[in-house]
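Taking it in order: structure first as structure tokens, then the write-up.
The sequence lines fix the lettering, A, B, ..., with proteins before strands; numbering per chain opens at 1.
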There are 2 protein chains.
Amino acid sequence: MKKETCQTAGEFGKCPFVTAQQLLKGKWVILIMHELNEGPKRFGELRRSIDITQATLSSQLKKMEEEGLILRTIYPEVPPRVEYTLTDIGKEFHIVLASIEQWGNAYIEYLKKKA
Amino acid sequence: MKKETCQTAGEFGKCPFVTAQQLLKGKWVILIMHELNEGPKRFGELRRSIDITQATLSSQLKKMEEEGLILRTIYPEVPPRVEYTLTDIGKEFHIVLASIEQWGNAYIEYLKKKA
DNA sequence: CCGAATCCAACAAGATACTG
DNA sequence: CAGTATCTTGTTGGATTCGG
């Protein structure tokens, strides 16, 4: 009986670490998840909260919707309103966000001491 | 008094999420941290555990060493041996790894149901 | 207001060959 | 064994423009 957590990087959908790494890579996913973890937000709100261009935000949100992390709701109003929320599996991501916040702050402290 | 967790993406070293995202972006950091979290490993061991080329692994390890996540120890033997271990702040990253493992497995389940 | 389309710059990462 | 050097490729993200 071997240890076998995950051996190859080719196993998206098998190893939790490989899977998560694929989803989190890139420059924005963690930040968007963090924003939406605080509640539903509109496109423009997200764009201002994070410093990101329209085109980039748009493609990121589309990708995350396809991956099942977020939901997009269109309200047929004038002017049009589009709201983004977390899916069930997206909401569960809060445990990762919490540990990232904790560790991130520790790392920031480490940076200060080093400097 | 505003909420203010982190508003702009330009604040590396200020916001824990922005900082962590910068460190974790790319395709390999989480996987390497996971491997080293289980104990010290040699270059060749890492290369086999993860499916990664020499050149890529080498540059990743160098970057992570500069960021203070890992330590590199050279044993002047023949044949040469180099061992990688986690630094103190690197070891603390295990809380993030644990939550990623948990959530990653949940996401894998979600994928199965969806399919 | 939201976001799609296009084009392009920057960077990440793989293949291969070579060194102490 | 543990890298480095170089070249090439693939992927991301940004600027700009246009449409519903």
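Using a 4.0 Å cut-off between charged side-chain N and carboxylate O, A:K112 and A:E109 make a salt bridge.
In this structure, B:R47 does not reach the D:dA2 phosphate: none of its side-chain N or O atoms is under 4.0 Å from OP1 or OP2.
Hydrophobic clustering of Ile, Leu, Val, Met, Phe, Trp and Tyr side chains at less than 4.5 Å, counting indirect connections, unites A:I95 with B:I100.
In this structure, the separation between OH on B:Y84 and CD on B:E35 is 14.5 Å, given to the nearest 0.5 Å. Between the OG atom of A:S58 and the CG atom of A:L46 there is a distance of 11.5 Å, given to the nearest 0.5 Å.
Side-chain N or O atoms of B:N105 include one that pairs as donor or acceptor with a backbone N or O of B:E101 at under 3.5 Å.
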Next item on the list: If a protein heavy atom is under 4.0 Å from the base, mark B; if only from the sugar-phosphate, S; if neither, -; do that for nucleotides 4-20 of chain D going 5' to 3'.
Entry: BB------SSBBB---B
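Within the 4.0 angstrom heavy-atom criterion, no nucleotide atom of any strand lies near B:Y75.
Residues satisfying the side-chain hydrogen bond (donor to acceptor under 3.5 Å, both in side chains) criterion with B:R72, sequence neighbours excluded, are absent altogether.
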Check: Hey, mind stepping through B:K63 and B:V29 against side chain to side chain contact (heavy atoms under 4.5 Å, CB included) and telling me if it holds?
Finding: CA-CA 10 Å; B:K63 186 193 118 208; B:V29 177; 3.8 Å; yes
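Protein atom CD1 of B:I74 is 13 Å distant from nucleotide atom C1' of D:dC1, rounded to whole Å.
Chain A approaches DNA chain C over the interval C:dC1 to C:dA5, counting the first and last nucleotide 5' to 3' with an atom under 4.0 Å from its heavy atoms.
Each of A:L23, A:L86, A:L24, A:T87 was compared with A:F93 under the side-chain contact (heavy atoms from CB on, under 4.5 Å) criterion, and only A:L24 meets it.
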